[in-house]
Amino acid sequence: MSRKVVRASKFRHVFGQGVKADQCYDDIRISQMTWDSNFCSVNPKFVAMIVDASGGGAFLVLPLNKTGRIDMSQPTVCGHTGPVLDIEFCPHNDNIIASGSEDCSVMIWEIPEGGLVTPLKDPVVKLEGHSKRVGILSWHPTAHNVLMSAGCDNVVILWNVACGEAMVRIDSVHPDLIYSACWNRDGSQILTSCKDKTIRVLDPRKGTVIAEKEKTHEGSRPVKAVFVSDGKILSTGFSRMSERQVALWDPKSFGEPLTLQELDTSSGVLLPFFDPDTGIVYLCGKGDSSIRYFEVTDEAPYVHYLSMYSSKESQKGMGYMPKRGLEVNKCEIARFYKLHERKCEPVVMTVPRKSDLFQEDLYPDTMGPEPSVEANEWFEGKEGQPILISLKDGFATTTKTKEFKVHKSLLKTTSAAMGHQHDNTGEVHALQKEVKTLKETVEELTKRVSELESKN
């Protein structure tokens, strides 16, 4: 009788746990829009959620520590004229967030330290170039101020946010609706999935197709795809019988998948979140009440099922915390912000360890908030590798110096690039004022002269 050998993995016992009720964000009207984005974005300072709003689109930005019941009068970011479909915090500046909306525009906002005290209606930059609603946003991982947006006009645009310009427009590659778009680890390639059942690897600056695979999943429901380690691609989709699938591909030989697994028959689209430090991919289904996680390795069957976090309530969206926002002393390897109908609940993924010491094998150096290349350099062809930081002493120490340096840089560059006309208007106003004063002086002197003449 042969015994089944269990594969050794330090992540075999990872377990997920929802936080206590007082650490959730309660009484929030999460957006009812039927769109397959995350609806939530988080970083070590803030959590942002798309909410229902009358007469336009809005999202809520709360400091992480502002838990409990959220007041109805809590100010929102509400500059869009149509519902907001996607939001994403900038990886290089925790106070900057981008939003895409049904009003065809992308807006960049600066959140003040400590959160909003009044509704925020004026964006730092408004990016206009899409002719239909904008449903996908993704910041470049290593280049400062580079943002990718994809709209229902089947167009992908790369923006230089600093000067508010569309630098690259990829409009002839996708014949149908784009379901997902993301960068690889150093931002040298883009991966998209489309309604024509094809996933494509693109050169972002040239807008050309490097590799593509048709019919990755036979079903007609949305396909999502992300880059995983060694340039491989993980996709989630549906079979012809509407079973949910997860597949792993090697773009160097796109013929057959390295592995294709069928999961269940639920109808929710699976949102994949990949952690390059641990090699774990988390699959969160829209409308599911569970998060499945798998380890991606080099040996067959490549995608190994680890476990599943289950809860009673289904999720409407999901935010994923960057590594530098985790509590390393508690062996926390991932944290999700799960959106319910009326609240947001953090879910913590932990590796059980007895020691309180820093676990180096769980926390290799991870991507820090420092960009390695500026937007204009990147568009000119310069590549930037991720600048890694150690989490040994926690996150705060690594970013204190960075905070001040980055904080206003977006605004500075924006005003430098866009503000020439503003400077001129300022000068014109000043001159007009001077002319007015001189006119008044001349009038006064003329009056006095005529008075003196009449006396004489």
Side-chain angles (χ1 to χ4, degrees), residues 41-46 48 86-100 106-111 113 123-125 127 136-149 156-168 181-191 202-205 226-227 274-277 320-326 364-391 395-418:
S41 184
V42 285
N43 65 28
K45 277 188 188 177
F46 301 107
D86 198 14
I87 49 176
E88 188 168 2
F89 275 111
C90 176
H92 309 126
N93 185 342
D94 287 344
N95 294 63
I96 297 292
I97 187 167
S99 60
V106 177
M107 293 186 183
I108 312 295
W109 310 86
E110 184 176 40
I111 308 300
E113 287 295 335
V124 180
V125 190
L127 307 172
I136 301 166
L137 296 175
S138 184
W139 289 94
H140 194 287
T142 60
H144 194 210
N145 290 340
V146 175
L147 178 70
M148 166 169 64
S149 65
V156 174
I157 299 179
L158 304 187
W159 305 89
N160 180 345
V161 173
C163 53
E165 272 182 65
M167 305 299 284
V168 179
C182 67
W183 302 92
N184 63 351
R185 191 163 160 80
D186 64 0
S188 59
Q189 293 179 347
I190 290 173
L191 171 65
L202 309 176
D203 180 313
R205 298 184 194 88
V226 289
F227 279 110
F274 179 67
D275 178 359
D277 302 341
Y320 180 61
M321 175 66 84
K323 252 325 186 345
R324 56 196 175 90
L326 303 179
D365 287 357
T366 191
M367 207 180 268
E370 188 84 45
S372 54
V373 58
E374 285 299 320
N376 48 1
E377 298 172 320
W378 185 80
F379 282 113
E380 283 163 13
K382 186 179 175 185
E383 292 294 356
Q385 287 305 311
I387 296 176
L388 303 180
I389 57 170
S390 166
L391 294 176
F395 147 71
T397 50
T398 56
T399 56
K400 262 178 195 163
T401 49
K402 177 76 188 136
E403 210 64 55
F404 177 67
K405 192 176 147 193
V406 162
H407 186 50
K408 293 284 182 190
S409 67
L410 181 85
L411 286 173
K412 274 183 196 158
T413 45
T414 307
S415 51
M418 297 174 68

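Below, all heavy atoms of this structure are taken into account, side chains as well, without hydrogens, waters or symmetry copies.
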Spacing of Leu147 atom CG and Ser138 atom OG [to the nearest 0.5 Å]: 7.5 Å
Kindly indicate whether the side chain of Pro386, heavy atoms from C-beta on, has any atom under 4.5 Å from the side chain of Arg185. yes
Could you check Lys382 against Glu374 for salt bridge (Lys or Arg N to Asp or Glu O under 4.0 Å), going step by step and ending with a plain yes or no? CA-CA 9 Å; Lys382 186 179 175 185; Glu374 285 299 320; over 6 Å; no
Do side-chain atoms of Asp86 reach the backbone of Leu137 as a donor and acceptor pair under 3.5 angstrom? yes
Set of residues satisfying salt bridge (charged side-chain N to carboxylate O under 4.0 Å, His left out) with respect to Glu383, sequence neighbours excluded: Arg205
Test side-chain contact (heavy atoms from CB on, under 4.5 Å) on Lys323 and Asp275 and set out the steps. CA-CA 9 Å; Lys323 252 325 186 345; Asp275 178 359; 2.6 Å; yes
For Glu377, which residues count as a side-chain hydrogen bond (donor to acceptor under 3.5 Å, both in side chains) partner, sequence neighbours excluded? none
Between Ala166 and Ile157, the two heavy atoms sitting closest are CB-CG2, 3.6 Å
Quick one: closest heavy-atom pair of Ser41 and Phe89, and the distance? OG-N, 3.1 Å
To the nearest 0.5 Å, tell me how far Asn95 CG sits from Lys45 NZ. 3.5 Å
Please enumerate all residues that pass side-chain hydrogen bond (donor to acceptor under 3.5 Å, both in side chains) together with Ser372, with sequence neighbours excluded. none
Could you tell me which non-hydrogen atom of Ile190 sits nearest to which non-hydrogen atom of Leu158, and how far apart they are? CD1-CD2, 3.9 Å
To the nearest 0.5 Å, what is the distance between CD1 (Ile389) and CZ (Arg324)? 7.0 Å
Minimum heavy-atom distance between Val161 and Val125, given as atom pair plus value: O-CG2, 3.8 Å
Parallel, tilted or perpendicular, judged at 30° and 60°: which one describes the rings of His140 and Trp378? perpendicular
Between atom CG of Asp94 and atom CD of Glu113, what is the distance when rounded to the nearest 0.5 Å? 9.0 Å
According to side-chain hydrogen bond (donor to acceptor under 3.5 Å, both in side chains), who are the partners of Gln385, at least two apart in sequence or on a separate chain? Asp186
When rounded to the nearest 0.5 Å, the distance separating CD1 of Ile96 from CD1 of Ile108 is 8.0 Å
Please list, chain by chain and in numerical order, all residues satisfying side-chain hydrogen bond (donor to acceptor under 3.5 Å, both in side chains) with Asp203, sequence neighbours excluded. none
Verify side-chain contact (heavy atoms from CB on, under 4.5 Å) between Thr142 and Trp183, making sure each step is shown before the conclusion. CA-CA 10 Å; Thr142 60; Trp183 302 92; over 6 Å; no
Residue set satisfying ring pair (Phe, Tyr, Trp, His ring centres under 6.0 Å) with Trp159, at least two apart, ordered chain then number -> none
Yes or no on side-chain contact (heavy atoms from CB on, under 4.5 Å) for Gln189 and Phe227, after CA distance, side-chain angles and deciding distance? CA-CA 10 Å; Gln189 293 179 347; Phe227 279 110; 3.8 Å; yes
Testing the basics here: between Pro44 and Gly325, what is the closest heavy-atom pair and its distance to 0.1 Å? CG-CA, 3.8 Å
Report the C-alpha separation of Val146 and Asn160 in whole Å, then their side-chain angles, then the decisive distance to 0.1 Å, and conclude whether the side-chain contact (heavy atoms from CB on, under 4.5 Å) test is met. CA-CA 5 Å; Val146 175; Asn160 180 345; 6.0 Å; no
CD1-CD1 distance between Ile87 and Ile97, expressed to the nearest 0.5 angstrom: 4.5 Å
On a heavy-atom basis, which atom in Val106 and which in Ser149 lie closest, and how many Å separate them? CG2-CB, 4.0 Å
Got a donor-acceptor contact below 3.5 angstrom from the His92 side chain to the Pro141 backbone? yes
